[in-house]
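Before any comments, here is the structure.
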Amino acid sequence: MTVPFEQAPPTLGNQYEDDRVLRSYLARVCPLEMLREIEPSLSELGRLAGGELYQLQLADRLNEPRLTQWDAWGNRIDRIELTAVWRRAELIAVEYGVVATAYERKHGALSRVHQCALAYLFTPSTDIYSCPLAMTDGAARTLLASGNQQLIERAVPHLITREPSEFWTAGQWMTELTGGSDVGLSETVAKPGADAREFRLYGRKWFTSAINSQIALTLARPEGNSPGGRGLALFYLETRDEQGRPRNIEINRLKDKLGTRKVPTAELTLNGTPAQLVSGTTDGVRNIAPLLNITRLWNGISAVALMRRGLALAFDYAGKRVAFGSTLAEKALHMDTLQGLQAEFEAAFHLAFYVAELTGRSEAGQIDEQDAWLLRLLTPVMKLTTAKQAVSVASEVLESFGGAGYVEDTGLPMLLRDAQVLPIWEGTTNVLALDTLRALGHAESLEPLRSLATRLLETVHDSQLIDLGRIALSSLDHAETWLKQAQATSRPHLEAGARRFALTLGRTIELALLIRHSQWSQDQHEDLQSFLATARFAKSGVDLVTD
Ligand SMILES: Cc1cc2nc3c(=O)[nH]c(=O)nc-3n(C[C@H](O)[C@H](O)[C@H](O)COP(=O)(O)OP(=O)(O)OC[C@H]3O[C@@H](n4cnc5c(N)ncnc54)[C@H](O)[C@@H]3O)c2cc1C
């Protein structure tokens, strides 16, 4: 009797133990003692991510958050019910200190890297619970930077606690109907209350994610202020009163979205919501910048985390699926396709974690002027570059499963839908490309970037890697020549090329970081995989500038 065909599904092992890229990176940047200290919890989280949480995520696939606006007696309650994965994810996030680690600073400037490693392992199995965590982290950083002692004492301990019953998450309410990119058009008005810091907010917020959060940082225009971004102020508010009732906030509906469907993203009306000034009655856009820098870092870490998840599943499946007499893993073309995606992932990984390193050094007060400038420039560059890579890798990952990649109950389509938000929120690709130009100011030279690339390449002694380094340097030269010409031509000319320019900077620094790591990996007698990814990436279109 013939045995009916059965297809083995892809499975995941311990997502820390199996991750060559993460482990090799941490071995390079962390002192041995630190690595010994942090590895047990990374390994436990890796086990959860590849096991229990992944299974829960698949089982909870059809659940979505629910909004109940009215109770049986006609009272407005606007209650949100979260999904099972989100409830579990919150507990795990607090227990493993996925936010707290960055603030406890047990490992000085490297605490951010440690935290990002936790976030990277946590993210792909927790249905974008990374969204409220990112905003919570960003709110803690913003409040600390504001120097507003009263708000720091009131909120920050909740945001960075390891005690689940004390934990608060934060929302970030910027986008209005008038625009998410051009927030200067915001129409929400702040009317003064009894004391100088108390205000009441009136207006509509058009995208507010993780609306279950206990607090939010938001922008509003104090009455009488000038139009535009400068006239907006940054406000802190608590969303519900002691009885759990919304504080003059109506949740009009939850968005029906392409992806991130487990994230309750709401449209709100603020009807006199009590709020406090965070710092000053103007310059809200500038004052919320620390939050955006942190959420953009999280965006990059999420991008690499989703790519890694897709590839872990795709490589596993390649060993299980048979076509034309052998497994896909034995097909040169299939593996070549996956190796191309792996190269994109590794490049993105090193850029995202490099920005984590710079962020950590800045937070620890251990950053010089040049690296502070690099952090300012590379934050938008990293966010826009890695987000684009995540979407294209996720799309190819689906194809690598054939029809199964298009079928919902494999859990695979969610990867693409969730990745698609990464280039949109926290600043679209174009908006961040323009921000990259802003970061450069009127500078015509890319000298600090060239000096970074030179520093990264100076330890390289393998002749093939030296050759690949030349690709990075010539790509920087080209970007610089273009910048000079475009600045001398016209503003529209400069803006039209800004996306290609910013992506070129991102991919160039990714290549230089990959080369540096490859050399280190070779010196440690690790296998050739890092080299192969580097060589592949170098030939995959680094310089995108067109003259
Ligand atoms: C799932 C999801 C959750 C979100 N959660 C939140 C949240 O919690 N809080 C929040 O505040 N916002 C949130 N947003 C909103 C998000 O940040 C905005 O959608 C985003 O910033 C873009 O703004 P917009 O939608 O108004 O698009 P627009 O600003 O209208 O942009 C439309 C297009 O124009 C382009 N564009 C705009 N300006 C320029 C320019 N000067 N030059 C060239 N191109 C330009 C953009 O790149 C984009 O492609 C969320 C969005 C999504 C999808």
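Counting starts at 1 for both ligands and their atoms, in listed order. Just so it is clear, the structure is predicted and the values come from calculations on it, not from any experiment. FYI, the numbering just counts along the sequence from 1.
- For Thr260, no nitrogen or oxygen atom sits less than 3.5 Å from a nitrogen or oxygen atom of ligand 1, counting backbone and side chain alike.
- Note: an N/O pair closer than 3.5 Å links Met174 and ligand 1 by distance alone.
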**Request:** I would like to know whether Arg507 and Glu344 meet salt bridge (Lys or Arg N to Asp or Glu O under 4.0 Å); could you show each step before the answer?
**Result:** CA-CA 9 Å; Arg507 292 180 74 80; Glu344 290 294 320; 2.8 Å; yes

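- At a 3.5 angstrom cut-off on N or O pairs, Thr428 counts as close to ligand 1.
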**Item:** Arg112/Glu363 under salt bridge (Lys or Arg N to Asp or Glu O under 4.0 Å): CA gap, chis, key distance, verdict
**Value:** CA-CA 9 Å; Arg112 259 296 159 198; Glu363 289 168 334; 2.9 Å; yes

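- Applying the 4.0 Å criterion to heavy atoms of Lys257 picks out, from ligand 1, the atoms 1 (C).
- The protein atom (non-hydrogen) at minimum distance from atom 2 (C) of ligand 1 is Trp425 CE3, 3.6 Å.
- Counting heavy atoms under 4.0 Å from ligand 1, residue Thr175 touches it through both backbone and side chain.
- Looking from atom 38 (N) of ligand 1 to the surrounding protein, the closest heavy atom is Val431 CG2, 4.0 Å.
- Heavy atoms of Thr208 found under 4.0 angstrom from ligand 1 belong exclusively to the backbone.
- Considering backbone and side-chain N/O of Asp182, none are found under 3.5 Å from N/O of ligand 1.
- Heavy atoms of Lys205 found under 4.0 angstrom from ligand 1: none, in either backbone or side chain.
- For ligand 1, the polar-atom distance check finds no N/O of Gly179 at less than 3.5 Å from any of the ligand's N/O atoms.
- If you check the side chains of Thr161 and Glu166, you find no donor sitting under 3.5 Å from an acceptor.
- No side-chain heavy atom of Leu412 sits less than 4.5 Å from a side-chain heavy atom of Val407.
- Checked against a 3.5 angstrom limit, the closest N/O atoms of Gly180 and ligand 1 fall inside it.
- Checking only distances, Ser209 does come within under 3.5 Å of ligand 1, N or O to N or O.
- The protein atom (non-hydrogen) at minimum distance from atom 27 (O) of ligand 1 is Ser181 OG, 4.2 Å.
- For atom 50 (C) of ligand 1, the closest non-hydrogen atom on the protein side is Phe207 CD2, 3.4 Å.
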**Request:** Assess whether salt bridge (Lys or Arg N to Asp or Glu O under 4.0 Å) is satisfied between Arg417 and Glu408, documenting all intermediate values.
**Result:** CA-CA 11 Å; Arg417 287 201 303 262; Glu408 290 291 354; 2.7 Å; yes

**Prompt:** What's the verdict on salt bridge (Lys or Arg N to Asp or Glu O under 4.0 Å) for Arg61 and Asp127, showing C-alpha distance, side-chain angles and the deciding distance?
**Reply:** CA-CA 9 Å; Arg61 189 177 59 81; Asp127 287 345; over 6 Å; no

Show me the donor-acceptor pairs, under 3.5 Å and distance only, between side chains in residues 275-286 and residues at least two apart or in other chains.
| from | atom 1 | to | atom 2 | distance (Å) |
| --- | --- | --- | --- | --- |
| Gln276 | NE2 | Gln150 | OE1 | 3.4 |
| Asp283 | OD1 | Arg230 | NE | 2.9 |
| Asp283 | OD2 | Arg230 | NH2 | 3.1 |

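- Residue, atom and distance of the protein heavy atom nearest to atom 42 (N) of ligand 1 are Leu434 CD1, 3.5 Å.
- Summary of contacts: the protein heavy atom closest to atom 45 (C) of ligand 1 is Asn430 CB, 4.3 Å.
- Gln172 O, 2.7 Å is the protein heavy atom nearest to atom 9 (N) of ligand 1.
- Identified under the ring-ring contact (aromatic ring centres under 6.0 Å, His included) test for residues 229-248, with sequence neighbours left out: Phe199-Phe235.
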